[in-house]
Amino acid sequence: MIRVASVPESHVYVRHLADPDGGGDVVRLPDPVPADGRKVPGGWWPPLMLDPGWISRHHRDFDVFHIHFGFDAIDPAEMKDIVHELSVRGKPLVYTVHDLRNPHHPDPEPHLEILDVLVPAATELVTLTDGAAAVVDANWARIATVLDHPHVVERPLIERPRPDSDDFVVGVHVKSLRANMDPFPVLDTLVRTVSGLPGARLQIDVHDEIFEPGNYWYAPDAAARLLQYRDADCVEVRVHPYFSDDQLWDYLSSLSISVLPYRFGTHSGWLEACHDLGTAVAAPTCGFYSQQQDCATYGFDEGSFDATSLDRAIRTLYGSETARATWDARATQRRLLARAHHDLYERALSWRALP
């Protein structure tokens, strides 16, 4: 049995690395619960395992330390201390490179500084696409094992029929306008495109916190501009709090196309959820979204926006059937992922055991 301290354990990506039939030779430690009782997700930041003191106190409880997410608030010096403590305790580090560019950071440098610590120090590296693996190789001369992103939505919803509707809905969820979001050139183009498609409408969703003075995400100018899209006949703007998981799955199922308005990024769990639910995706050419799942793409990154390609992507999807995940395929994928991670952990432990 291989005991893994996963950071975090409760994230849906990590949970779905296990064999769906149960069993297996990998056990992941549950996320430690902080003193105030809050639990992951949405409880605290950063995860409590990401601490040299925690590693020192609990090193006998795990065999492998596997970092996925949760280090936004950790500086490079502290990450070096974490890496050092793992080395002192003889514990191999595995790191999954989900993000080459942090979608929450307008400046790429803080995340790159952390990668400059984690990537060279890791005994084994994982990433989700060949493109990301090529960047890891080019930047750090390290080879990352490429393993697919598992399903995000649970089996009953993957198997649930899509809602019976004749509506063709193009959706853009701008959330709380995190750093990599730049919705306005995308929305300006979509208004023109959708208005010319019979029976189509554009639905814009946004979190209400950008309208709240004093809130960290308060953005009055952007909020006012988003509301102006209501002037177009084909557009609906919906302002609401964060969706619960069930609300999010219902929302995605109600869309014909979900358009990702990102200027930078790497991979996407949102894209996987859309695939699970049978919702088409138009993704930007930044990052490696089209390698992750089959989707339409349009030109969008930090230096350029190609309105023509977005118009073409929407029109192509408007006349196409959308491929949807099946539970059989997702379950088979999970069995392969579980075996691949077991083998990867064994390899990491064998390397650590060498003199």
Side-chain angles (χ1 to χ4, degrees), residues 3-9 11 13-14 17 28-29 31-32 40 44-59 61-147 149 178-180 264-267 287-288 341 344-345 347-354:
R3 303 166 302 165
V4 181
S6 282
V7 183
E9 180 270 340
H11 191 282
Y13 173 95
V14 180
L17 297 179
R28 293 180 172 85
L29 274 61
D31 292 313
V40 170
W44 78 98
W45 203 258
L48 296 187
M49 287 183 186
L50 277 180
D51 174 68
W54 186 93
I55 294 167
S56 176
R57 293 189 301 273
H58 295 276
H59 67 276
D61 299 333
F62 66 90
D63 305 302
V64 177
F65 199 82
H66 190 163
I67 297 178
H68 292 272
F69 314 103
F71 50 83
D72 292 55
I74 291 181
D75 63 32
E78 186 175 1
M79 186 61 78
K80 288 178 182 177
D81 290 341
I82 291 167
V83 167
H84 175 72
E85 188 64 28
L86 289 169
S87 179
V88 167
R89 302 297 178 177
K91 302 297 179 178
L93 169 63
V94 175
Y95 173 48
T96 296
V97 188
H98 292 273
D99 297 312
L100 289 162
R101 174 74 189 274
N102 191 310
H104 302 283
H105 292 174
D107 179 0
E109 286 306 313
H111 187 70
L112 288 174
E113 289 176 2
I114 293 291
L115 293 185
D116 282 340
V117 176
L118 280 176
V119 174
T123 309
E124 291 284 342
L125 293 167
V126 180
T127 193
L128 312 182
T129 56
D130 289 338
V135 174
V136 170
D137 186 19
N139 289 355
W140 293 280
R142 293 294 311 274
I143 302 301
T145 301
V146 177
L147 298 174
H149 194 303
R178 70 187 185 191
N180 73 334
F264 57 86
T266 311
H267 302 116
F288 302 102
H341 278 81
L344 183 133
Y345 296 145
R347 194 161 65 241
L349 287 165
S350 68
W351 276 103
R352 183 62 69 181
L354 293 175

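Nearest heavy-atom pair, S6 versus D31, reported as atom, atom and distance to 0.1 Å: O-OD1, 4.0 Å. Between P47 and G70 the shortest heavy-atom distance is CD-O, 3.1 Å. Pairing each heavy atom of A133 with each of A144, the nearest pair is CB-O, 4.2 Å. Closest approach of L100 and W140 over heavy atoms only: CD2-CZ3, 4.2 Å. D81 and P52 get closest at one heavy-atom pair: CB-CG, 3.7 Å.
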Before giving the answer on side chain to side chain contact (heavy atoms under 4.5 Å, CB included), spell out for H267 and T127 the whole-Å C-alpha distance, their side-chain angles and the decisive distance to 0.1 Å. CA-CA 10 Å; H267 302 116; T127 193; 3.6 Å; yes
Verdict with supporting geometry, T123 and V94, side chain to side chain contact (heavy atoms under 4.5 Å, CB included): CA-CA 6 Å; T123 309; V94 175; 5.6 Å; no
Test side chain to side chain contact (heavy atoms under 4.5 Å, CB included) on H111 and F71; report intermediate values, then the result. CA-CA 9 Å; H111 187 70; F71 50 83; 3.6 Å; yes
Show the numbers, then the answer: is there a side chain to side chain contact (heavy atoms under 4.5 Å, CB included) between L50 and F65? CA-CA 10 Å; L50 277 180; F65 199 82; 4.2 Å; yes
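Between atom CG of residue L118 and atom CE of residue M79 there is a gap of 4.5 Å, rounded to the nearest 0.5 Å. With rounding to the nearest 0.5 angstrom, the CG atom of L344 is 10.0 Å from the CG atom of L349. For the atom pair NZ (K80) and CG (D116), the distance works out to 9.0 Å, reported to the nearest 0.5 Å. Between L115 atom CG and E109 atom CD the span is 10.5 Å, to the nearest 0.5 Å. Atoms NE2 and CG, on H98 and L128 in that order, are 6.0 Å from each other to the nearest 0.5 Å. Note: M49 CE to D51 CG = 12.0 Å, rounded to the nearest 0.5 Å.
For D63 (side chain) and R3 (main-chain N/O), a donor-acceptor pair under 3.5 Å exists by modelled atom type. Using a distance-only test at 3.5 Å, with no hydrogens or angles considered, a donor-acceptor pair links the side chain of S350 to the main chain of R347. Using a distance-only test at 3.5 Å, with no hydrogens or angles considered, no donor-acceptor pair links the side chain of R142 to the main chain of L125.
Between R28 and V14, some side-chain heavy-atom pair lies under the 4.5 Å cut-off. Between R178 and P103 there is a side-chain heavy-atom pair separated by less than 4.5 Å. No side-chain heavy atom of H341 sits under 4.5 Å from any side-chain heavy atom of V64.
With hydrogens and angles left out, the side-chain atoms of T96 and H66 include a donor and acceptor closer than 3.5 Å.
The aromatic rings of W54 and F62 sit parallel to each other, their planes meeting at less than 30°, with 60° as the upper class boundary.
Qualifying side-chain contact (heavy atoms from CB on, under 4.5 Å) partners for P108, counting only residues two or more places apart in sequence or in other chains: R101, L112.
Under the side chain to side chain contact (heavy atoms under 4.5 Å, CB included) test applied with Y95, the options V126, V117, V83, I67 reduce to a single match, I67.
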